[in-house]
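All values below come from the heavy atoms of this structure, side chains included, with hydrogens, waters and symmetry mates left out. Fair warning: this is a prediction, and the values are worked out from it, not measured in the lab.
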Amino acid sequence: MSNNSNNSSKKSEAMNRFKMECASEVGVSLKNGYNGDLTSRETGSVGGQMTKKLVEAQMNQMSGK
């Protein structure tokens, strides 16, 4: 059981690093914890960048790159 929670924790940490990287790329200053002071536009740009990078990675994988 602890193995599942350990894997979940690692996935969560990886996703958080990815989110912070994408936020940095679009110029949004995310911080650990509460980010309720961000606008919808800022949070949407982070989500959009994450989606863009995930789609690019999947396309590259499918094309064999």
Side-chain angles (χ1 to χ4, degrees):
M1 184 84 162
S2 72
N3 193 23
N4 283 342
S5 67
N6 195 17
N7 285 340
S8 178
S9 177
K10 286 180 183 178
K11 289 177 186 177
S12 179
E13 289 173 19
M15 185 58 78
N16 202 28
R17 282 192 307 272
F18 178 58
K19 179 174 55 175
M20 296 298 247
E21 175 187 320
C22 290
S24 176
E25 290 174 3
V26 295
V28 174
S29 59
L30 278 185
K31 53 193 171 292
N32 288 323
Y34 181 74
N35 283 289
D37 55 329
L38 297 176
T39 66
S40 296
R41 176 171 283 203
E42 289 171 320
T43 57
S45 66
V46 174
Q49 182 71 2
M50 291 173 72
T51 301
K52 178 181 172 185
K53 291 182 75 140
L54 289 170
V55 168
E56 285 175 357
Q58 185 63 35
M59 295 296 284
N60 288 337
Q61 183 180 5
M62 289 172 44
S63 68
K65 290 184 181 177

#### Entry: Note, Asn32 side chain near Met20 side chain (heavy atom, < 4.5 Å)
yes
#### Entry: Atom pair NZ/OG of Lys19 and Ser24 - distance to nearest 0.5 Å
14.0 Å
#### Entry: Sequence-distant partners of Ser12, side-chain hydrogen bond (donor to acceptor under 3.5 Å, both in side chains), two or more places apart
none
### Task
With the side chain counted from C-beta on, respond yes when Asn35 and Val28 share a heavy-atom pair under 4.5 Å apart, and no when they do not.
no
### Task
Look up atom CG in Asn7 and atom NZ in Lys11, then write down how far apart they are to the nearest 0.5 Å.
6.0 Å
#### Entry: side-chain contact (heavy atoms from CB on, under 4.5 Å) partners for Arg41, two or more places apart
Thr39
### Query
Do Gln49 and Glu21 touch side chain to side chain, with heavy atoms closer than 4.5 Å?
no
### Query
Can you find a heavy atom in the side chain of Asn16 that is under 4.5 Å from one in the side chain of Glu13?
no
### Message
Donor-acceptor pair, distance only, cut-off 3.5 Å: does the side chain of Thr51 make one with the backbone of Gly47?
### Response
yes
### Query
Could you walk me through whether Leu38 and Val46 pass the side chain to side chain contact (heavy atoms under 4.5 Å, CB included) check?
CA-CA 11 Å; Leu38 297 176; Val46 174; over 6 Å; no
## Note on the structure
One should read off an interatomic distance between Lys52 NZ and Cys22 SG, to the nearest 0.5 angstrom, of 10.0 Å
### Task
Evaluate whether atom NZ of Lys53 has more than 12 neighbouring non-hydrogen atoms of other residues, nucleotides or ligands under 6.0 angstrom away.
yes
### Query
By salt bridge (charged side-chain N to carboxylate O under 4.0 Å, His left out), which residues pair with Lys31, not counting sequence neighbours?
Asp37
